[in-house]
Amino acid sequence: MSRGKLEAQRLLNEIGITDPTAIEINKIAFGLGATVIEKPLKNSDGRIVFSKSRTIITINSGIEFTGKKRFTTAHEIGHYCMHRDHFQAHNDTDATLQYFKKGHQETEANEFASELLMPEDLFKQEIQGKKFDPELLRNLADRFQTSITSVAYKYFELGGHPICLFYSFDNKVRYWKRPENYPHYIIDRTKLSPPEDSVAAEFFDKEKIYRKTDSKQPIWKSTWFELKNWENDQDFKFYEYCIITPKYNTVLSIVWEEL
Ligand SMILES: [Zn+2]
């Protein structure tokens, strides 16, 4: 198990919590010795400043969604618990709060936050027997009071339906991941713009953002995947759902096949 996940489980055990929504995240931080304050931050969602007396976690008051504030706070608590002796000072932004970021302190802090807010057992219980769609992700974000992006990554890890993730920023694909043994081959577009018939491209080209009810959009297999010459696009049912953050000009595309 990853260190971040292990540390979060240890903390939950220690404070005797099975459902993290039962306690305010700021109180968990306070109990550990860190004070959380909110104020406007430029180009940053959160940051942490260590001190011998009291560590200060600052969360950008401009963050629109409570779930995202909670996830950012949990990420900073992760830094506090695991990295305080050799911390690499940084601003946490949309990029560092994504799981793709390989810097190991960021990965650990995200794995920590994910487990602190969505303990594995509880998450599995909540998705059991439920069909995968954007509505499920939104419901899970409500249920666990966390960001929808963090739910998408958690579902990628633990969910019953295989999904692929593509993270684009400034009209360029930056990272992608697919489940192990996924039967379709992804066309690598890293550093290139998203495919022109993708939902991500609709946002970058035309600023199109679908309403909740239309957020599951049909796409071709060939949009993101290699179409073998014996295959026909008509024979596949692929969908793309985009989590868009206009403020940072980022899109997380969730792509899946229905059989
Ligand atoms: Zn960080």
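Order of listing sets the numbers, starting from 1, for every ligand and every atom in it. Nothing here was measured: the structure is a model prediction, and the numbers come from that model.
- Here the side chain of Ser114 pairs no donor or acceptor atom with the backbone of Glu111 at under 3.5 angstrom.
- Ion pairing between a basic and an acidic side chain is recognised when a charged N comes within 4.0 Å of a carboxylate O; Glu115 and Lys154 show such pairing.
- Atom NE2 is the N/O/S atom of His75 found closest to the Zn ion (ligand 1).
- Using a 4.0 Å cut-off between a side-chain N of Lys or Arg and a carboxylate O of Asp or Glu, Glu64 and Lys247 do not qualify as a salt bridge.
- For the pair NE2 of His90 and OE1 of Glu106, the angle whose vertex sits at the Zn ion (ligand 1) is 100° to 10 degrees.
- When the N, O or S atoms of His79 are ranked by distance to the Zn ion (ligand 1), NE2 comes first.
- Taking the charged nitrogens against the carboxylate oxygens, Glu157 and Lys5 do have a contact shorter than 4.0 Å, which makes a salt bridge.
- Residue contacts to the Zn ion (ligand 1): Asp92 brings an N, O or S atom closer than 2.8 Å.
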